Amino acid sequence: MTETTRPRLLLLDGHSLAYRAFFALPVENFSTATGQNTNAVYGFTSMLVNVLRDEQPTHVAVAFDVSRQTFRTEEYAEYKAKRNKTPSEFSSQLPLIERMLDSFSIRYIKYPGYEADDIIATLVTQALADETSGLEVLILTGDRDSIQLVTERSTVLYPMRGVSDLSRMTPAFVEDKYGVPPHRYPELAAIVGEQSDNLPGVPGVGAGFAAKWINTYDGLDNVIAQADKITGKKGEAFREHLGDVIRNRRLNALVRDLDLGVRVDDLVLGEWDRSSALELLDELEFRGELRTRILDVVAPGEDAPVEPGIEVDGTTLAHDTVAAWLAEVGDATVGLSVRGSWGSGTGRVTGLALALADGRAAYVDVEAMSVDDDAAVAAWLSDPSRPKVLHDAKGPLLALTAQGWSLAGVVEDTALAAYLVAPDQRSYDLADLSLRYLHRELTVAEDDDQGMLFDEDANLSQAAMVQARAALDLSAELADEVEKAGGRGLLTDVEMPLVGILAGMEQTGIAVDIEHLEGLESHFGDLVREEAEAAYAVIGREINLGSPKQLQVILFDELGMPKTKRTKTGYTTDADALQKLATTNPHPFLLHLLRHREVIRLRQTIEGLLKTVQPDGRIHTTFHQTIAATGRLSSTDPNLQNIPVRTEEGRRIRESFVVGDGYDSLMTADYSQIEMRIMAHLSEDALLIEAFRTGRDFHAETASRVFDVAPEDVTPEMRAKIKAMNYGLAYGLSAFGLSQQLGIDPGEASGLMTEYFETFGGIRDYLTGVVDEARRTGFTETIMGRRRYLPDLTSDNRMRREGAERMALNAPIQGSAADLIKVAMLRTDTALRGSGLRSRMLLQVHDELVFEVADGESEALEVLVREQMAGAADLTVPLDVSVGTGRSWHEAAH
DNA sequence: ATTGTCACG
DNA sequence: ACGTACGTGACAATG
C-alpha cells in the first residue's frame, strides 16, 4: 500500500472523440425513451472508462472546442470549411458529456478562439517542463495534429476503427509509421496536406516522398530553402505550392502557451459524485455492460456490478390464511398482479399476487379459497383506504369484476405512468419497464435444487409475485418521472379514473342486429362478384384484384396507362391515383376495379364485425389507453372507431349497431369542430374566436372573412376551400397537400394559404410559435399538460425534421381534444351515477360518445350529456355539442 | 414481418 | 432536388 504509483496525466480531446463515436455508433441503437440521442455520449464514455481502467491515470482533463471560429479560421477562412455543419443530434449530446465528466470529477477545459488540441498541447508542455515530477502523459485524441506532441514521456492514443481499437503512438511508432520523428510530423503533414482540415498539400506528393525530403534536407525549413535542388515533377509541384505548404505548417502548429488558468496539479482525479453519476446513467438509460464497466472503473468494489433480478420472499398462502396475511399488511401499499383472463365482455381470476416494498409477498390461489379467504380478499380489494399499485389495471379490473369483486384504492397504474412519461413507445411491457427504470431483469430464478421435482405451479405463483413487486417498485420510480414531466394531475385525475369507465364500456358492449349485418354481407358479396366478373371480362382473364402487383401489370404494362406515383416496390394503385387516371382515361377496367375495391372493403368490414359478435348478441371492443402518442384512445378487436360513415352505402353498416334489450334507444353526442375550437383558444386569434361566437356555420363564417364577402354571399366553392384549409391547419398543411385535397393547382392553394394567414394572423403566429417552443424545449404540451417529445425537430434530415414539425403542430391540437373528451367522459360518468339514471356509455369515437338510453331517460340524458361535455373545459370559445337519438347508430346520427 | 390500401376522427 | 397533412387499426398479399 505504501508503494507510490507513478503519476500519469491523461488528456482527452472531447470533441474529436465524441464526434468519432457519433459516426461510429448507429443512432437508432442509442436513444432514450424521450428521444435523446446518446450514441456520442456512449462512445465517448466507453473510450474514457476503458482508458481509465487500462492506464490508471492520476490526473485527467478533457479539452473541448468552443466553436469552429478560431485564430486559424481568422487567418485562413477555408480552414475546416469543407466540414458539414455540426449536426444538432451531436451538439445536443455535449452537455451530457460534460455532466458525465462532472459526476466523475474530471475537469474539462475550453478556450475561446483555440481548438481542443491547443489546450492539450499547452498542458503537455507544462507537464513535460516539470522534469522532477516525472509525470507521464497520455493523449487520447482522434486528431492527428497531436502527433507532434509525442515524446519519450508523452504518448498519443489514437482510435483506429470505431471506438475500441487504440493505436499507441510512441516516438518509435511514429517514426516507423510516417518515416519522421514526431516533432517533424507537422512538417510532413504540411507537405501532404490534411483533407479533414481543408488544407490542400502538394499534389502528387505522398507521405513517402515528403518524409524523404524532410530527412534528406534536415527539416522542412531546409527543404524550402533548398527547394531548387529537388528535381522532377514532384519538385516542380512543391515549388509551385510552396505557399500552401508554408500556410499549412503555420496552421498545424499547436499553440503551447495558452493561459488556461489551470495547472497540471489541479487535474488530480478526485472523488466521483455517486448520486449524480447514477442519476445520469439512469437518465441516459445506460445499463447492462457499459453501466457495469463504468461503475467498476469509477467506483471499484462499491456497487455490485451485477444487478440482481427482482426478488420476493413469499409463497402461496395456505387455505384459510389469507385474512390473517391481509390483516398484517394493514394499510401498506401493495403491488398487485392478477392471474386469469379477460376480454370480450367476460373474465375470470385464477390467482392474485401481492407484494410489499420490504420484499414480502404472497400468492392467493383464488380457485382454492375458503369462504373466509374470499370475504377477506373482497374486503381488501374494495377498500379504498388499502392502497394498491397495478400495471395496466384495466384487464385485471375486468377479471375481478367478472369474479364479482370490486376494486378500489388503486393509487398508481404503472403502464399509464410510463405512457405519460414517454407516449411514443410501442409497448409498455412490465419487463421492459423494469429494465429501463429499475435496471432489473424480470425473470424468476430457476430452482436449482436437483432433488426437487419441477413445480410448475410454484413457478407461476413466483412469477406473479415478482411482477407484483416490479409494479410496486416501478411506481416509486415512475412517480418521480411523471412529476418531472408535469403529468401528475393528468395521471391521477384523468387517465387512472378513466380506466374504470373504459372497462365498463368494454364489458357492456354494443348490441348488433346480426340479421341485418348478414343481409348486408350477402348484398355486398353479390356486388363484389358482379364487379369482379365485369373487370375480368374487360381484360379477358381472371387476376387477383386485391394484388397491387398483378394490378400494376394490367394497368401499366398491358393497358399502357400512365405511371402513377412510385411506392417502394412499384407504382401506387390507390384510389386517389386510380381516380385521377380515370378522369383522363375512363377505361371500364378502372371503373370496375374502383367499385370492386369499395364493395369488397365493405364486405370485409362486415365479415370482421360478424366474427366478433359475442353470445350475448353484442360486440365488446377493447379500448387502448397507451397507444396513440397524442393521447387519443384507440379501439381493437374490432375497431369500432372506424366504422364507415362517409358514404351512404357505408352508413348502412351503422344500421346494424342497435339498441339492446331493455333499453329505449341509442344516443350519440359529438363535439362540433372541436379541433378548430381548440385552435381558436390556443391561438387567441380574435377573428377566429368571433367566428365561433356567432354560432353560425363556422366554415362559411371563416370563408366570409378570408374572401371579405358577406356571410350570405359565400359560395359553396369558397366554403369548401376554407373548410379544407381549416381542417388542414392542425396537420401542418402544405400548399401541395391542400391543392391535392381540393384538386386545384399548388399555386392557387399557396395563394389561398397566404390569404388565410393574412386574415387570421393569430393562427399563423400561434403555429410558428408552437414549433419554435417545441424545438427549444424538446416537447409539445396540451391544454392539460400532456407532453409529446419530438427530438427530430432538430434533425439534419429534412424529411424527419419537417415530419416532426407537423407532429408538433398537430399534437397540441389533437391531444387537447383527447384531454377534453376524456374529462367529458369522467364528468358524464360521475353525473350519470349521481343522477340515478340507468342509461350507459358504450363507445368513444374521438369527438363522439355513444350511449344506450334507458326507457324514459332520453330528455334527461341529453341535458346531462350536453352539460357535462360542454363544461369539460373553459375555453375562450363555447364548446358546441350536437346530440341525436335513434334505434340504431345510423338513426341516432340524424 | 412488411407493404399497400383504406376505413375513421 | 425532393417529397408532400396528423393520429389510428384491419386485412390481404407478399417476402
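Bear in mind the structure is a predicted one, so any value in this text is a computation, not a measurement. Every chain is numbered from 1, with letters handed out A, B, ... down the list of sequences.
- Taking the six-membered ring wherever Trp is involved, the centroid distance between the rings of A/Tyr727 and A/Tyr731 does not fall below 6.0 Å.
- Applying the ring pair (Phe, Tyr, Trp, His ring centres under 6.0 Å) definition to pairs two or more places apart or across chains, those involving residues 764-798 of chain A are A/Phe779-A/Tyr789.
- Here A/Glu802 pairs with A/Arg798 under the side-chain hydrogen bond (donor to acceptor under 3.5 Å, both in side chains) rule; sequence neighbours left out.
- Side-chain atoms of A/Thr622 and A/Thr636 form no donor-acceptor pair, as typed in the model, at a separation below 3.5 Å.
- At a threshold of 4.0 angstrom between heavy atoms, the contacts of A/Ala629 are confined to the sugar-phosphate backbone, with no base atom among them.
- Residue contacts for A/Ile674: at a heavy-atom cut-off of 4.0 Å it reaches no nucleic acid atom on any strand shown.
- Between C/dT4 and B/dA7, the two C1' atoms lie 22 Å apart (nearest whole Å).
- Judged as a side-chain hydrogen bond (donor to acceptor under 3.5 Å, both in side chains), and not counting sequence neighbours, A/Asn585 has no contacts.
- For A/Arg595, the salt bridge (Lys or Arg N to Asp or Glu O under 4.0 Å) partners at least two apart in sequence or on another chain are A/Glu598, A/Glu649.
- In terms of heavy atoms, A/His587 sits closest to A/Met561 at CB-CE, 3.4 Å.
- With both ends at atom P, the span from C/dA5 to B/dC6 equals 16 Å, rounded to whole Å.
- A/Asp697 meets the side-chain hydrogen bond (donor to acceptor under 3.5 Å, both in side chains) test with A/Arg719; sequence neighbours excluded.
- Judged as a salt bridge (Lys or Arg N to Asp or Glu O under 4.0 Å), and not counting sequence neighbours, A/Arg654 has no contacts.
- Heavy-atom nearest nucleotides on DNA chain C were determined for A/Ser634 and for A/Tyr727, and the one closer to the 5' end corresponds to A/Tyr727.
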For residues 746-755 of chain A, please give each side-chain donor-acceptor pair under 3.5 Å, one per line with the distance, not counting sequence neighbours.
| from | atom 1 | to | atom 2 | distance (Å) |
| --- | --- | --- | --- | --- |
| A/Glu748 | OE2 | A/Lys721 | NZ | 2.9 |
| A/Thr754 | OG1 | A/Ser750 | O | 2.9 |

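- Residue A/Arg603 is out of contact with every strand shown, counting any heavy-atom pair closer than 4.0 Å.
- A salt bridge links A/Asp772 to A/Arg775: one of the charged nitrogens lies within less than 4.0 Å of a carboxylate oxygen.
- If you check residues 753-777 of chain A against DNA chain B, you find no residue with a heavy atom closer than 4.0 Å.
- Across all strands, A/Ala730 comes closer than 4.0 Å to no nucleic acid atom at all (heavy-atom distances).
- At the heavy-atom level, A/Gly728 lies under 4.0 Å from base atoms of the strands shown.
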Counting Watson-Crick and G-U wobble pairs with both distances under 3.5 Å, what is the dot-bracket string for DNA chain C, 5' to 3', using [ ] for crossing pairs and | for pairs to another strand? .....|||||||||.

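- Judged by the 6.0 Å distance and 45° axis criteria, A/Arg566 is positioned over the aromatic ring of A/Tyr571.
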For nucleotides 4-9 of chain B, just jot down a letter per nucleotide in 5' to 3' order: B, S or -, based on protein non-hydrogen atoms under 4.0 Å. SSBBBB

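- Reading DNA chain C from its 5' end, the first and the last nucleotide to sit under 4.0 Å from a heavy atom of chain A are C/dA1 to C/dG15.
- Applying the side-chain hydrogen bond (donor to acceptor under 3.5 Å, both in side chains) criterion to A/Glu521, with sequence neighbours excluded, gives no partner residue.
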